[in-house]
Amino acid sequence: MLILVINAGSSSIKYQLLNMETTTVVSKGLVERIGTTGGQLTHRYLNGNSLEKKTINQEFPDHTGGMKLIIDLLTDTEIGVIKSLSEINAVGHRIVQGGGDFNAPVLITDEVKKKIEEMNPLAPLHNPANLLGIEVAQQFFPNIPQVAVFDTAFHQTMPPRAYRYAIPEKFYTENKIRSYGAHGTSHKYVREQAAKYLNNEHAKVITIHLGNGSSITAINEKGESIDTSMGFTPLNGLVMGTRCGDIDPSVLIYMVRECGVKFEELDDLLNKKSGMLGMTGHSDARDIENLYKAGDEKATLCLDLYSYRVKKYIGAYMAALNGADAIVFTAGIGENDFQLRSLICKNMDYLGIQMDDSKNKEYNSPDEIKEVQSSDSKLKILLIPTNEELEIANNTLEIISKK
């Protein structure tokens with residue numbers, strides 16, 4: 001049973017081919033800079049017990065060209081991992097925004113594609129590209145079932161008190177303005193891993209997904225998301241690489257009225273020019289941490305503000321859950337940046353959160369679950385590598401098994 005997972009971006013295609021009987025990654029890779037110059041495909045393929053690497057530099061005028069090269073490599077006579085596309089049983093697609101229409105993965109139909117397109121205004125950076133990935137994949141795999149797995153689906157269990165905004169009701173009933181959240185696939189996966197690790201299916205967990213995009217979720221004893229930091233769009237909540245996170249809405253009005261910012265510039269300003277980039281001139285946490293170590297004032301303030309925002313959400317979600325069994329750090333920054341983990345957990349002993357600094361420094365980019373709390377901590381502090389592709393593949397397998 002082989003399932004191909006596709007995560008299409010506006011100028012990229014990330015993919016994995018998984019053997020679901022062993023949950024082994026048979027091949028994976030990334031096509032970058034589609035539609036611009038300097039295109040590159042980084043492809044890895046299983047050779048014995050290890051993944052070998054092949055890099056190809058060429059221009060990709062569109063996603064179709066990128067997908068064709070992926071398929072050529074998967075079926076290549078020398079490095080291919082399959083002989084023909086008929087060996088692939090299904091394709092699973094990551095879709096960022098499903099609105100309130102989808103609370104679970106679904107088999108892709110024309111009606112599903114139409115609804116995904118209708119959600120484009122809610123995730124303008126993601127949904128159009130996700131939909132394009134579906135269209136391209138259907139060209140090459142016309143007879144293979146394809147499944148949409150939505151980042152927002154996991155958060156559909158949030159109660160109205162968490163997802164509604166205090167604005168006139170017509171904007172909710174007529175325009176569907178509410179909090180939808182994001183990163184649900186990652187939050188669901190790491191919570192399930194935490195529950196297994198703790199041997200407690202009723203574990204209350206706060207999951208902290210920190211990457212270029214970041215979010216935090218409160219998950220109750222039933223494994224349900226009851227609140228999450230991202231809102232109507234992925235712009236809300238924590239400080240991110242280029243996104244501002246929480247901001248007083250009147251600031252936007254002031255920017256337009258008093259600062260000369262044009263209304264049509266706001267989306268680009270808040271999504272692509274703010275966050276860590278806006279504060280320091282850098283969007284990569286590794287660059288900012290190097291500046292922080294060198295005593296740079298802007299970097300110091302940025303990491304202080306970043307960690308403080310996460311800390312506040314942890315406190316809020318501890319209250320929402322009436323306590324938790326564990327907090328989980330995951331994703332690129334969460335798994336790799338011990339400095340930020342330390343800043344976030346500092347001075348939280350009143351909530352029962354105490355980190356062991358030596359363990360925290362030791363474990364970066366863990367290949368399995370690691371504990372970094374001190375012996376006095378009332379909560380487990382876990383580092384859990386996220387695996388959204390495996391979660392998407394599992395969801396896809398579940399859907400096609402029902403056919």
Side-chain angles (χ1 to χ4, degrees), residues 96-100 122-123 125-126 150-166 177-191 194 204-220 223-249 251 270-271 274-276 278-279 285 302-321 324 326-335 337 340-341 343-345 348 351 353 381-382 384 386 388:
V96 168
Q97 178 59 261
L122 302 184
L125 301 180
H126 302 91
F150 300 89
D151 274 6
T152 50
F154 181 58
H155 301 301
Q156 292 303 299
T157 53
M158 290 192 298
R161 65 174 179 266
Y163 70 70
R164 285 289 298 273
Y165 294 118
I177 296 177
R178 51 158 285 183
S179 176
Y180 292 104
H183 292 148
T185 305
S186 176
H187 288 294
K188 180 176 182 289
Y189 176 82
V190 296
R191 190 274 174 184
K204 293 189 287 186
V205 180
I206 297 172
T207 52
I208 309 168
H209 178 112
L210 302 179
N212 191 51
S214 299
S215 62
I216 178 169
T217 296
I219 305 175
N220 68 13
E224 299 171 336
S225 168
I226 64 163
D227 207 346
T228 192
S229 58
M230 285 182 168
F232 180 60
T233 72
L235 182 61
N236 196 59
L238 306 178
V239 175
M240 303 174 227
T242 63
R243 301 177 201 152
C244 63
D246 290 339
I247 190 169
D248 182 343
V251 171
L270 301 178
N271 273 294
S274 297
M276 288 181 163
M279 294 189 71
C302 179
L303 294 191
D304 193 27
L305 192 155
Y306 183 104
S307 58
Y308 181 66
R309 188 72 60 84
V310 179
K311 188 189 297 280
K312 287 203 298 182
Y313 268 97
I314 292 173
Y317 289 168
M318 286 285 284
L321 290 166
I327 61 173
V328 172
F329 287 97
T330 193
I333 295 174
E335 295 170 29
D337 197 325
L340 268 172
R341 294 196 301 261
L343 289 171
I344 290 166
C345 293
M348 296 192 75
L351 294 179
I353 299 171
I381 305 175
L382 305 177
I384 302 182
T386 192
E388 294 169 282

### Task
Check step by step if side chain to side chain contact (heavy atoms under 4.5 Å, CB included) holds for Leu210 and Leu340.
CA-CA 10 Å; Leu210 302 179; Leu340 268 172; 5.6 Å; no
Closest non-hydrogen atom pair, [X] against [Y]:
| X | Y | value |
| --- | --- | --- |
| Ile219 | His187 | CD1-O, 3.9 Å |
| Leu382 | Ala326 | CD1-CB, 4.3 Å |
| Gly99 | Thr152 | N-OG1, 3.9 Å |
| Val205 | Arg191 | CB-CG, 4.1 Å |
| Met230 | Ala182 | SD-CB, 3.3 Å |
| Thr233 | Leu122 | CG2-O, 3.3 Å |

For the side chain of [X] and the backbone of [Y], is there at least one donor-acceptor N/O pair under 3.5 Å apart?
| X | Y | answer |
| --- | --- | --- |
| Arg341 | Glu335 | yes |
| Thr157 | Ser225 | yes |
| Asn236 | Gly245 | no |
| Glu388 | Asp151 | no |
| Ser307 | Asp304 | yes |

[atom1]-[atom2] distance between [X] and [Y], expressed to the nearest 0.5 angstrom:
| X | Y | atom1 | atom2 | result |
| --- | --- | --- | --- | --- |
| Met240 | Ser229 | CE | OG | 6.5 Å |
| Leu238 | Ile216 | CG | CD1 | 6.5 Å |
| Phe154 | Thr217 | CZ | OG1 | 7.0 Å |
| Arg178 | Met158 | CZ | CE | 5.5 Å |
| His209 | Ser215 | NE2 | OG | 6.0 Å |
| Asp337 | Tyr306 | CG | OH | 8.0 Å |

Residue pair [X] / [Y], side-chain heavy-atom distance below 4.5 Å:
| X | Y | result |
| --- | --- | --- |
| Thr330 | Tyr189 | no |
| Gln97 | His126 | no |
| Leu321 | Ile226 | yes |
| Ile314 | Ile353 | yes |
| Cys345 | Ile327 | yes |

### Message
With a 6.0 Å cut-off (strictly less than), is the heavy-atom count around OH of Tyr165, excluding the residue itself, greater than 12?
### Response
yes
### Parallel, tilted or perpendicular, as decided by the 30° and 60° cut-offs, for the rings of Tyr180 and Phe232
tilted
